[in-house]
Every structure is written in structure tokens, then in C-alpha cells.
Amino acid sequence: MSTTVALIGAAGHGAWHLRAIDALGERVRLVATCDVQPGYDYTDHRRMLEERKPDVVVVCTPPHTHLPIALDVLGAGADLLLEKPPVLSLADHRRLAEASRGRVLQIGFQALGSPTLPLLAERVGEVTSASVAGAWWRPDSYWTRSSWAGRRGRDGALVNPFAHALMQALAITGIRPPWTLSLDRYRTRPAVEVEDTATLRLTAPDGRAVFVAVTLCSAEFVPGDITVVGREGTAEVGYAQDRLDGEVVPGRTGLLENLLDHRDRDVPLLVPLERTEPFTALAEAILAAGEPVLLDPARLARREDGVEIPGAAAIVRRAAAERAHFREIGVLP
Ligand SMILES: NC(=O)c1ccc[n+]([C@@H]2O[C@H](COP(=O)([O-])OP(=O)(O)OC[C@H]3O[C@@H](n4cnc5c(N)ncnc54)[C@H](O)[C@@H]3O)[C@@H](O)[C@H]2O)c1
């Protein structure tokens, strides 16, 4: 018998989930879509839960709406695939953990379904550090696409577009709090309150470290690959395409499929809420870190559709290689 599934938050990234549901064929039956925008089966998720009683619900609404909707879904007795970031504070994490007892809860960090992860120990031995270099381009329209985009406490290059890179680096190193965190955050647009360019350094008491250097203002694309250093070697992980040292490793497990396998056959869940706790601890600290430095327009190149930091790809690569903040190597103030 197929499992019944509903989707809450269907109009944005939810379209990707609709395709993933479709790809599972007869194993699942989509019984309802819900969005506050018109054009879907429901605009009120509570009504949908009451009338359709789905077995599993995918929630793909803005991050700050996750907790109340997730609580409603779990309270209605459904299992849940909740988009990343699950919640934005440890207090909310604890509430969600409490509410999910006895239910299945998977978090949408899909790169944790990557087949590269189990191969890493063999390749590098015990991991001592992971370093991310990512330089992407996001036009001005990216920051106005939805009401939470660019808003303090809700968004930012580290917690949103580069969330997968961050989560992957945390999972690869196994670092959890307590840790020492230092941040260097910048923004290029006065109207955008959050960072579009940043470095982050995390050090655990035993010396394991995560370093992240990213920007959304780069003409040249650097994918956000992770350099992993272990006691017996190093490896380059491309988390988006499951590349390990340049080669694609086939066989990524989809998170909805894994959730169904867990329900049906007790296969271990790939991304239980608990696995994401370090990410939420980090997100809470980043979101509370105050205003990023507003870069002087004289340092920037204005393009028709956005703002570029000249040489951004090179400075991101250098910061990641040296594991040094932009300010430490003197490339940004
Ligand atoms: N895993 C990934 O790779 C990935 C990629 C993109 C986005 N996301 C995540 O997906 C989520 C949605 O992102 P988005 O860019 O689509 O955001 P969005 O702002 O476009 O919102 C998604 C949809 O949710 C709807 N919505 C808002 N409140 C609702 C409610 N109470 N009930 C029903 N629908 C509601 C909105 O109308 C919108 O259509 C976020 O958590 C984001 O971080 C994940």
C-alpha cells in the first residue's frame, strides 16, 4: 500500500519536492498540496491535516515558520520531512525534539545522503579539519524574492545558501559544541541586513577545526567544495554533485525515500533532528552576531543586476587555504 504524502509550502522550493514525490512512483500517493498563495489544494495547513490525514508531510515553508507548522504536523500524528534549517535556535530545537518523540522526523540537509561521506574515513583517516571555499553570484533580485530574504535573524549567506556546505563540514569533522567560534561578516547592499560574504572559524577543544570562506558577490564561480584533512591524507569533497577528489560517486539516497525506508523497514534515518543540532547551535550564534560590516561602494563593482567584489574568488580561495579571516589577510577591512 502506498504511503500518503502532503506538501506544505508548495510554490517555492516545494516544486523540487513535488518532483521528488513524483519520482517515487507508486510508493507514495500525494494527497494534498498547501500554500498560503492561491493555486493549491489548501491555504490552511491545519485544515489540510485534519481533512486529509496524511501519513507523511513535507514542510518547505520559510525557516521562521518551521516550528509552529512542524508542531501541528507532528501533533496531527504524521511523520515529517522538514526543510533545512529546521529551526533557528537551540530552544526551538529542544521543543521540536520533544514534540517529535514517537514520530519520524527527517531534516532536509540532502547532501547528508551523499555516498561520499562513508568513503572519507578510508581515504583520509581520522578527520582533523574541513575547509570550505565558495564564491557564487546572486543578483539584487535574490534579496527581494521573499519577505525573509536578507532579514536580520532569518537569513544570511552562511545559514541559508551555504547551509549545506556548513552542515557537511560539521558532519565530516564531527564537531559539536563547546567550540570556539570566530566570524568575519560583510554585506554589500545597505538594504540587506545580513552577510553576503563571510569567513567562519570553529575550533573544538581537541583541535579539530572547520573553516568557511564564502561570498555571493563573485563573477567567477567557486562551487563550495570542502577540503578535508585527516591524519592519513586529504580529500576534496564536492557536496553538491557527490564528487570525491574530482570523481562523481553515484548512489545518493533521497531523504524522502530514506524516511519511507525507515518507516517501513527500520533502515536508519540519515538526517534525524539530533544530527543537525550543531548546525542550529552555529546558526543561533551567527544570527545573533550583530550587523555585518557594510563594505564601501568604492571597493565594489556595480553590475546591471547586482554587486560584485572584484577578485572575490581569489580571496575566498586564499582565505580557505590559509584558514584565515578576510580581515586577517588584509583583503577586506
Ligand atoms: N534543501 C535545499 O537545497 C533547499 C533549497 C531552497 C530552499 N530550501 C528551504 O526550503 C524552505 C522554503 O524556501 P523557499 O525559498 O521556497 O521560500 P519561500 O519564501 O519561497 O517560501 C516557500 C513557500 O512557503 C509558502 N508559505 C509561507 N508560509 C506558509 C504557511 N504558513 N503555510 C503554507 N505555505 C506557506 C510561501 O507562500 C511560499 O510559496 C526554506 O526552509 C529554505 O531554506 C532548501
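In listed order, ligands and their atoms are each counted from 1.
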Taking 4.0 angstrom as the limit, do R176 and E274 come out as a salt bridge?
yes
Ligand 1 to W148, heavy atom cutoff 4.0 Å, flagged ligand atoms 17 (O), 18 (P), 19 (O)
Item to complete: Give a yes or no answer on whether the side chain of S89 reaches the backbone of D92 with a donor-acceptor pair at less than 3.5 Å.
Response: yes
### Query
Do the side-chain N and O atoms of D196 and T188 include a donor-acceptor pair separated by under 3.5 angstrom?
yes
Margin query: Between E308 and R303, does any NZ, NE, NH1 or NH2 come within less than 4.0 Å of an OD or OE carboxylate oxygen?
Written below: yes
Atom 32 (N) of ligand 1 sits nearest the protein heavy atom V36 CG1, 3.7 Å
One finds that the ligand 1 atoms under 4.0 Å from a non-hydrogen atom of N160 are 43 (O)
So for S146 against ligand 1, with non-hydrogen atoms under 4.0 Å, the contacting part is side chain
When distances are taken from atom 20 (O) of ligand 1, the protein heavy atom at minimum range is G12 CA, 4.0 Å
task: Mark yes or no for whether D41, through its side chain, and T33, through its backbone, hold a donor-acceptor pair below 3.5 Å.
output: yes
protein heavy-atom neighbour closest to atom 38 (C) of ligand 1 works out as D35 OD2, 3.5 Å
H66-ligand 1 polar pair, N/O distance under 3.5 Å:
yes
For I69, the ligand 1 atoms with a heavy-atom partner under 4.0 Å come out as 30 (C), 31 (N)
Residue, atom and distance of the protein heavy atom nearest atom 8 (N) of ligand 1 read H13 CD2, 3.7 Å
When distances are taken from atom 12 (C) of ligand 1, the protein heavy atom at minimum range is C60 O, 3.4 Å
The atoms of ligand 1 lying under 4.0 Å from a heavy atom of H164, numbered in the order shown, are 1 (N), 2 (C), 3 (O)
Smallest heavy-atom separation, V249 atom then L244 atom, equals CG2-CB, 4.0 Å
Atoms of ligand 1 under 4.0 Å from any heavy atom of A11, numbered from 1 in the order shown, are 39 (O)
Tested for side-chain contact (heavy atoms from CB on, under 4.5 Å) against L166, the lone hit among V132, L200, V159 is L200
If you scan protein heavy atoms around atom 11 (C) of ligand 1, the nearest is T61 O, 3.3 Å
protein heavy-atom neighbour closest to atom 42 (C) of ligand 1 works out as K84 O, 3.6 Å
**Message:** Contact between ligand 1 and S147 is defined here as a heavy atom of the residue under 4.0 Å from a ligand atom; is it met?
**Reply:** no
*W16 near ligand 1, heavy-atom distance under 4.0 Å?*
no
Closest to atom 44 (C) of ligand 1 among protein heavy atoms sits E83 OE1, 3.2 Å
Correct closest heavy-atom pair for E83 and C60 would be CG-SG, 3.7 Å
Heavy-atom neighbours of R95 CZ exceed 12 at 6.0 Å: no
For P85, the atoms of ligand 1 under 4.0 Å from one of its heavy atoms are 43 (O)
(request) Measure the acute angle between the ring planes of W16 and H13, then classify it against the limits of 30° and 60° as parallel, tilted or perpendicular. (result) parallel
| said: Whether R265 and D261 form a salt bridge (side-chain N of Lys/Arg under 4.0 Å from carboxylate O of Asp/Glu) is what I want to check. | reply: yes
Give yes or no for whether the N/O distance cutoff of 3.5 Å, strictly under, is met between T43 and ligand 1.
-> no
Any N or O of H45 that comes nearer than 3.5 Å to an N or O of ligand 1?
-> no
Does the distance from a Lys or Arg side-chain N to an Asp or Glu carboxylate O, for D206 and R208, drop under 4.0 Å?
yes
Of L7, I8, L49, the one forming a side-chain contact (heavy atoms from CB on, under 4.5 Å) with P54 is L49
Taking only non-hydrogen atoms of Q110 and a 4.0 Å limit, the atoms of ligand 1 in range are 1 (N), 2 (C), 3 (O)
Near G108 (heavy-atom distance under 4.0 Å), the atoms of ligand 1 are 1 (N)
(message) Evaluate R145 for polar contact with ligand 1, using N/O atom pairs at a separation under 3.5 Å.
(response) no
Exercise for review: Using a strict 4.0 Å threshold on nitrogen-to-oxygen distance, state whether R154 and E193 make a salt bridge.
Suggested key: no
